[in-house]
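Since the structure comes first, as structure tokens, the remarks are kept for the end.
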Number of protein chains: 2
Amino acid sequence: MFEKVLIAEDHESTNISVQKTLGDLAITQYDYVYYCDDALLRISKSVLAQQPYQLLITDISFEEDHREQKLKNGIELIMKVKAVDPTIKVIVFSAEDRPNIIEGLFKDQGIDAYVRKARHDAKELKLAIETISKGKKHLANQLRQGVKEKNLHEFTTLDITILTLLSQGVLQKDIPLYLQKNNIKPSGLSTIEKRLSHMKEMLEFSKNEQLIVFCKDLGII
Amino acid sequence: MFEKVLIAEDHESTNISVQKTLGDLAITQYDYVYYCDDALLRISKSVLAQQPYQLLITDISFEEDHREQKLKNGIELIMKVKAVDPTIKVIVFSAEDRPNIIEGLFKDQGIDAYVRKARHDAKELKLAIETISKGKKHLANQLRQGVKEKNLHEFTTLDITILTLLSQGVLQKDIPLYLQKNNIKPSGLSTIEKRLSHMKEMLEFSKNEQLIVFCKDLGII
DNA sequence: TTATAAATTACGGGAAACCGTAAAACGGAG
DNA sequence: CTCCGTTTTACGGTTTCCCGTAATTTATAA
């Protein structure tokens with residue numbers, strides 16, 4: 001079992017609860033912080049002191065407040081932490097439920113477990129800690145089903161750019177200009193029209209408005 | 001101070017944390033549930049047994065799962081509870097940060113306090129409980145500023161209907177048909193065009209797509 | 001009831017978006 | 001370099017949307 005753990009979670013109530021979970025697992029040597037910057041600082045120090053944390057439990061979204069922070073969210077934190085100590089295990093404990101985002105955490109950030117804040121999250125977190133301490137990965141239950149369904153359409157960077165511009169009020173006919181200014185290669189109006197109608201066809205939508213809300217819900221834009 | 005309290009919160013971790021807060025306030029007689037239906041049941045029973053709960057601490061959004069529930073969220077719960085026992089005090093403890101929604105809780109549901117899940121939420125919850133036990137209302141700090149800014153445009157039910165239909169893929173020119181079928185009075189195409197352009201003018205938007213994402217973020221649709 | 005104001009709807013010209021087709025540019029393989 | 005296939009762009013007709021004006025209906029008060 002882990003001997004030295006760090007909790008990074010801005011919500012005080014959740015932070016308290018995670019502390020209690022560690023207590024239930026008889027892990028006494030842990031620290032907790034409310035800001036990503038503090039988390040990175042503690043981990044850096046622990047590595048230098050040759051007493052590294054073995055596990056980081058962190059949230060993804062951290063709210064901004066009066067204290068100016070370098071690291072804006074858990075993803076940035078994980079990347080910096082992994083650079084300092086690639087051996088540290090990471091559990092993300094978050095309310096995020098959009099499959100693409102969670103998938104990205106495993107794929108891009110190389111996290112060891114994802115526990116979603118939900119009905120049995122305390123028990124699930126406990127289980128995740130136990131599983132990882134044995135050297136395994138832990139994928140949250142509700143994710144397994146989520147991952148397989150979608151994939152109706154793979155959004156390219158161009159697609160996302162187009163949708164973002166539309167949602168910012170740029171006229172379709174003016175999008176080519178924006179793309180050229182930013183040196184994005186396919187920039188013809190026809191291409192944009194084609195992409196949009198293709199996306200709608202794949203997802204069986206009829207209007208851009210539908211596409212926008214769909215991507216909003218999925219966290220694509 | 002309150003002597004008998006009920007916690008309704010589906011997230012186990014948050015539920016645990018609220019329990020701990022009550023413990024810190026030396027409130028020993030409390031119960032906790034993970035479903036709205038259970039909460040209403042307990043409160044109804046306590047009233048019949050002439051030992052009513054004095055305070056309900058509840059979340060707003062409850063996730064659906066295998067257990068079929070009558071009450072889908074905290075708002076429905078509060079309404080039912082108030083019908084059974086109008087004297088009970090209510091604290092909403094939620095991550096909701098959209099001012100219109102929070103405002104509605106005070107105005108329509110007559111809640112006594114709103115504590116947002118955030119950095120110092122445990123301390124804030126503690127304070128709210130203390131304040132209310134003295135017979136006062138408690139408005140979360142971060143709300144006060146939020147309430148005054150917006151109000152750039154007051155969305156009518158018609159507005160919301162139009163935006164909802166658009167986001168579902170209904171063509172603008174077909175909206176009059178939908179409105180007539182549901183006996184919604186202004187149903188002319190011109191009126192719809194006018195509402196849309198008026199909304200966009202007020203909010204300084206140029207496209208429907210912008211309007212949609214804006215309303216999504218505000219929780220209007 | 002009638003006069004007046006407000007809201008709703010009808011209409012029409014112009015802009016933007018949609019959609020199919022064809023032309024042009026690009027990218028290997030031989 | 002040429003050929004071939006793919007991607008990108010250009011173009012034109014049609015639909016939908018936008019927006020101003022005018023007509024109509026509804027509401028309100030004298």
Side-chain angles (χ1 to χ4, degrees), chain A residues 151-218 220-221, chain B residues 151-218 220-221:
Chain A
N151 260 13
L152 299 151
H153 171 72
E154 198 68 32
F155 288 89
T156 67
T157 15
L158 178 64
D159 291 343
I160 297 169
T161 307
I162 293 171
L163 293 171
T164 305
L165 287 171
L166 277 180
S167 72
Q168 288 170 354
V170 180
L171 291 183
Q172 213 159 298
K173 70 180 180 71
D174 294 335
I175 291 183
L177 288 170
Y178 282 80
L179 295 181
Q180 283 159 24
K181 281 184 186 171
N182 294 75
N183 299 321
I184 299 173
K185 283 180 290 183
S187 68
L189 182 55
S190 259
T191 306
I192 291 160
E193 292 170 346
K194 287 246 164 29
R195 287 313 300 168
L196 278 170
S197 65
H198 179 247
M199 285 189 262
K200 280 183 278 191
E201 189 188 4
M202 287 296 101
L203 297 161
E204 294 180 341
F205 289 162
S206 55
K207 289 185 62 71
N208 288 347
E209 285 88 336
Q210 262 179 303
L211 207 51
I212 298 280
V213 297
F214 177 79
C215 293
K216 256 276 172 193
D217 285 333
L218 253 65
I220 294 171
I221 57 170
Chain B
N151 261 11
L152 299 151
H153 171 73
E154 198 68 33
F155 288 88
T156 68
T157 14
L158 178 63
D159 292 342
I160 297 168
T161 308
I162 293 171
L163 293 171
T164 305
L165 287 172
L166 277 181
S167 72
Q168 288 170 354
V170 180
L171 290 183
Q172 213 160 299
K173 70 180 180 69
D174 295 335
I175 292 184
L177 288 170
Y178 282 79
L179 295 180
Q180 281 159 25
K181 281 183 184 170
N182 294 75
N183 299 321
I184 299 173
K185 284 178 290 185
S187 68
L189 182 55
S190 259
T191 306
I192 291 161
E193 292 170 344
K194 287 241 163 35
R195 287 313 300 170
L196 277 170
S197 64
H198 180 246
M199 285 188 263
K200 280 183 278 192
E201 189 188 5
M202 287 296 100
L203 297 160
E204 295 181 340
F205 289 162
S206 55
K207 290 185 61 74
N208 288 346
E209 285 90 336
Q210 262 179 304
L211 207 51
I212 299 279
V213 298
F214 178 79
C215 292
K216 255 279 171 189
D217 286 334
L218 253 64
I220 293 171
I221 57 170

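Note that the structure is a prediction, hence the values are computed from the model and not measured.
- At a cut-off of 3.5 angstrom, the base of D:dC17 holds no donor-acceptor pair with the side chain of B:Q172.
- Of the candidate nucleotides D:dT16, C:dT9, C:dG20, C:dT9 has the atom lying nearest to any side-chain atom of B:T191.
- In this structure, the separation between CD1 on A:I220 and CZ on A:F214 is 6.0 Å, given to the nearest 0.5 Å.
- Between B:D174 atom CG and D:dT15 atom C1' the separation is 12 Å, expressed in whole Å.
- When distances are taken from the side chain of A:K200 to each of C:dC18, C:dA16, D:dT16, the shortest belongs to C:dC18.
- Nearest to the side chain of A:S197, among D:dT8, C:dT9, C:dC19, sits C:dC19.
- When rounded to the nearest whole Å, the span between CG of B:L171 and P of D:dT15 equals 13 Å.
- Heavy-atom distances to DNA chain C give each of A:S206 and B:L189 a nearest nucleotide, and the one nearer the 5′ end belongs to B:L189.
- Of the candidates C:dA17, D:dC19, D:dT16, the closest approach to any side-chain atom of B:E193 belongs to D:dC19.
- Listed candidates were C:dA10, D:dT9, C:dA17. Nearest to the side chain of B:S190 is C:dA10.
- Set against C:dT8, D:dT16, D:dG20, the side chain of B:P186 has C:dT8 as its closest nucleotide.
- Partner A:I162 forms a side-chain contact (heavy atoms from CB on, under 4.5 Å) with one of A:V170, A:I221, A:L196, A:T156 and no other, that one being A:L196.
- Separating the CZ atom of B:F205 from the P atom of D:dC17 is a distance of 20 Å, rounded to the nearest angstrom.
- Whole-Å rounding puts the B:I192 CD1 to D:dT16 P distance at 15 Å.
- Across D:dA10, D:dC18, C:dT9, the shortest atom-to-atom separation from the side chain of A:K194 is found for D:dA10.
- With values rounded to the nearest 0.5 angstrom, A:E209 atom CD is found 9.5 Å from B:L171 atom CG.
- At least one side-chain heavy atom of A:I192 sits less than 4.5 Å from a side-chain heavy atom of A:L179.
- The nearest whole Å value for the distance from the CG atom in A:N208 to the C1' atom in D:dT16 is 12 Å.
- Side-chain N/O atoms of B:K207 include none lying less than 4.0 angstrom from OP1 or OP2 on D:dC18.
- Following rounding to the nearest Å, A:H198 (NE2) and D:dT8 (C1') show an atom-to-atom distance of 15 Å.
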side-chain contact (heavy atoms from CB on, under 4.5 Å) between B:Q210 and B:L203: does it pass, once the steps are laid out?
CA-CA 10 Å; B:Q210 262 179 304; B:L203 297 160; over 6 Å; no
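- Spacing between atom NZ of A:K173 and atom P of D:dC17 amounts to 18 Å, rounded to whole angstrom units.
- Distance, A:Q180 CD to D:dT8 P: 14 Å, rounded to whole Å.
- Distances from the side chain of B:S187 to the nucleotides C:dT9, D:dT9, D:dC17 place C:dT9 closest.
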